[in-house]
Amino acid sequence: MPTERTARDMAPTSSSSFSGLIPDRFDRDGRDQLIDVRDLQATLPGIRRLRRWAHEALDPQPGEYAVDIGSGTGPEVLALAAAVGENGAAVGVEPDPELLAAAERRAGDAGSLARFVPGDAYNLPLGNDSCDVVLCERVFQHLTAPARAAGEIARVLRPGGRVVVMDTDWGSAVVHPGDRNVVHEVIETLIANTTAPFAGRRLPGLLTRSGLVIDDVGSHALVQDAAVGAGALVGRVSAMAVARGAITEEQRAQLLADLEAGARTGDIHLSVTIFAVLAHKPE
């Protein structure tokens, strides 16, 4: 099991989009948050690098029982199913029936043994001490009771079982160029409209308090492609900042103009950091 994968190993190797980092899976309390699913595809190169690290760290073996919490349309469950083989089991837990249906179609088309069941991070439809491997990606930022979800992970893991939890920390967001005070208010608006904006930094503590042992913590900065300019997310959140009286319409227009000018000259940086935590349940 890798224990040396730190920020150096997980540093970005190419750009991805900051404009669609709100994920496509969330609980009921998160459904009213700022979501731009149309831009999600642009984030996939960076997300794929994190997923590769997660699978290497978890190292699922033939015959093991693996679970993806918040499995969406199921790509990670299919990868887990291939690793554990016909003598193992790979299950995706997802609350959204449309995503469940899409995942089942994907598995059928691929001839995969992956299975999908309805459920959420608060009430996993799994027995105590039943899982060898658990994956949970970008779910905690949408939970109002993250400690309860961490407790569920600890409950279903067998002794010696391992988990990777990955999530965004919106407090790490960087927007450049632009007036620092205006940028601050825009980021604060984003934070105020996210259920658990600092989920990434809280993961080690949540898992430790649930009785798990932390083996490794890594991070990955997702950097928006300069060609995107201000992007959909900054445009939308800055409008929200105007609506809440944090900035003026003139300040918003200047920020967007600064970002577009920066994109033309290469003097632009928009990013957010995702943290990944590898842990295990003690024997």
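What you see is a predicted model; the values in this text were computed from it and never measured.
Across every non-hydrogen atom of L206 and A150, the tightest pair is O-CB, 3.7 Å. Closest approach of A89 to V84, counting heavy atoms only: N-CG2, 3.6 Å. Across I247 and S238, no two heavy atoms sit closer than the pair CD1-O, 3.8 Å. The two residues A263 and G229 make their nearest non-hydrogen contact at CB-CA, 3.9 Å. Closest approach of I187 to W170, counting heavy atoms only: CG2-O, 4.1 Å. The heavy-atom pair separating A239 from R252 by the smallest distance is N-NE, 3.2 Å.
For the residue pair D258 / Q254, a side-chain donor-acceptor distance below 3.5 Å is found, with atom types taken as modelled.
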Please test D267 against H176 for side chain to side chain contact (heavy atoms under 4.5 Å, CB included), starting from the C-alpha separation and ending with a verdict.
CA-CA 8 Å; D267 182 23; H176 168 83; 2.9 Å; yes
Between N193 and V237, does the side chain to side chain contact (heavy atoms under 4.5 Å, CB included) criterion hold? Intermediate values first, please. CA-CA 9 Å; N193 285 274; V237 177; over 6 Å; no
Open item on the list: For a side chain to side chain contact (heavy atoms under 4.5 Å, CB included) check, start with the C-alpha distance between I191 and E188, then their side-chain angles and the critical distance, and finish with the verdict.
Closed with: CA-CA 5 Å; I191 288 171; E188 286 299 307; 3.9 Å; yes
Practice task
Go through L143 and Y122 one step at a time and tell me if the side chain to side chain contact (heavy atoms under 4.5 Å, CB included) criterion holds.
Solution key: CA-CA 9 Å; L143 301 179; Y122 298 140; 3.3 Å; yes
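Put simply, CZ on F140 and CG on L207 are 6.0 Å apart, with the number rounded to the nearest 0.5 Å. Atom CG of D68 and atom CD of E94 lie 9.0 Å apart (nearest 0.5 Å). Summarising the geometry, atom CD belonging to E64 is positioned 12.0 Å from atom CG belonging to N87; distances are rounded to the nearest 0.5 Å. Taking NE2 of H280 as the start and CG of D215 as the end, the distance is 5.5 Å to the nearest 0.5 Å. A distance of 6.5 Å separates CD in E76 from CD in E137, rounded to the nearest 0.5 Å. The NE2 atom of H220 sits 12.5 Å away from atom CH2 of W53, with the distance rounded to the nearest 0.5 Å.
Note on D59 versus R162: no salt bridge recorded, every NZ/NE/NH1/NH2 to OD/OE distance being 4.0 Å or above.
With contacts defined as side-chain heavy-atom distances shorter than 4.5 Å, the pair P177/I268 qualifies. V156 places none of its side-chain heavy atoms less than 4.5 Å from the side chain of V67. Side-chain contact check for V175 versus V186: every heavy-atom pair is 4.5 Å or farther apart. Under the 4.5 Å side-chain criterion, counting only non-hydrogen atoms from C-beta, R148 is in contact with N123. When side chains are defined from C-beta on, I69 does not count as touching V165, because their heavy atoms never get closer than 4.5 Å. For the pair L190 and P197, the minimum side-chain heavy-atom distance is 4.5 Å or more.
For the pair Q141 (side chain) and D169 (backbone), a donor-acceptor distance under 3.5 Å is absent. Looking only at distances, a side-chain donor or acceptor of D132 sits under 3.5 Å from a matching main-chain atom of Y65. R155 contributes a side-chain N or O that, together with a main-chain N or O of L126, makes up a donor-acceptor pair within less than 3.5 Å. Side chain of R209 to main chain of G151: no donor-acceptor pair is present (N/O by atom type, distance under 3.5 Å, no hydrogens or angles). Here the side chain of K281 pairs a donor or acceptor atom with the backbone of A154 at under 3.5 angstrom. Without hydrogens or angle criteria, D167 side chain to A199 main chain gives no donor-acceptor distance under 3.5 Å. T189 places no side-chain N or O within donor-acceptor distance of the main-chain N or O of M240, the cut-off being under 3.5 Å. No donor-acceptor distance shorter than 3.5 angstrom exists from the side chain of T208 to the backbone of G205, with no hydrogens or angles considered.
If you chain together hydrophobic residues whose side chains sit under 4.5 Å apart, L113 and V117 never meet in one group. V134 is connected to V91 through a chain of hydrophobic side-chain contacts under 4.5 Å among Ile, Leu, Val, Met, Phe, Trp and Tyr, so both are in one cluster. Taking hydrophobic clusters as Ile, Leu, Val, Met, Phe, Trp and Tyr residues chained together by side-chain heavy-atom distances below 4.5 Å, V182 shares a cluster with L256. In terms of hydrophobic clustering, with Ile, Leu, Val, Met, Phe, Trp and Tyr side chains grouped at heavy-atom distances under 4.5 Å, M166 and L78 are assigned to different clusters. Tracing side-chain contacts under 4.5 Å through hydrophobic residues (I, L, V, M, F, W, Y), one reaches I214 starting from L203; they form part of the same cluster.
No more than 12 heavy atoms of other residues, nucleotides or ligands shown are found within 6.0 angstrom of CZ on R202.
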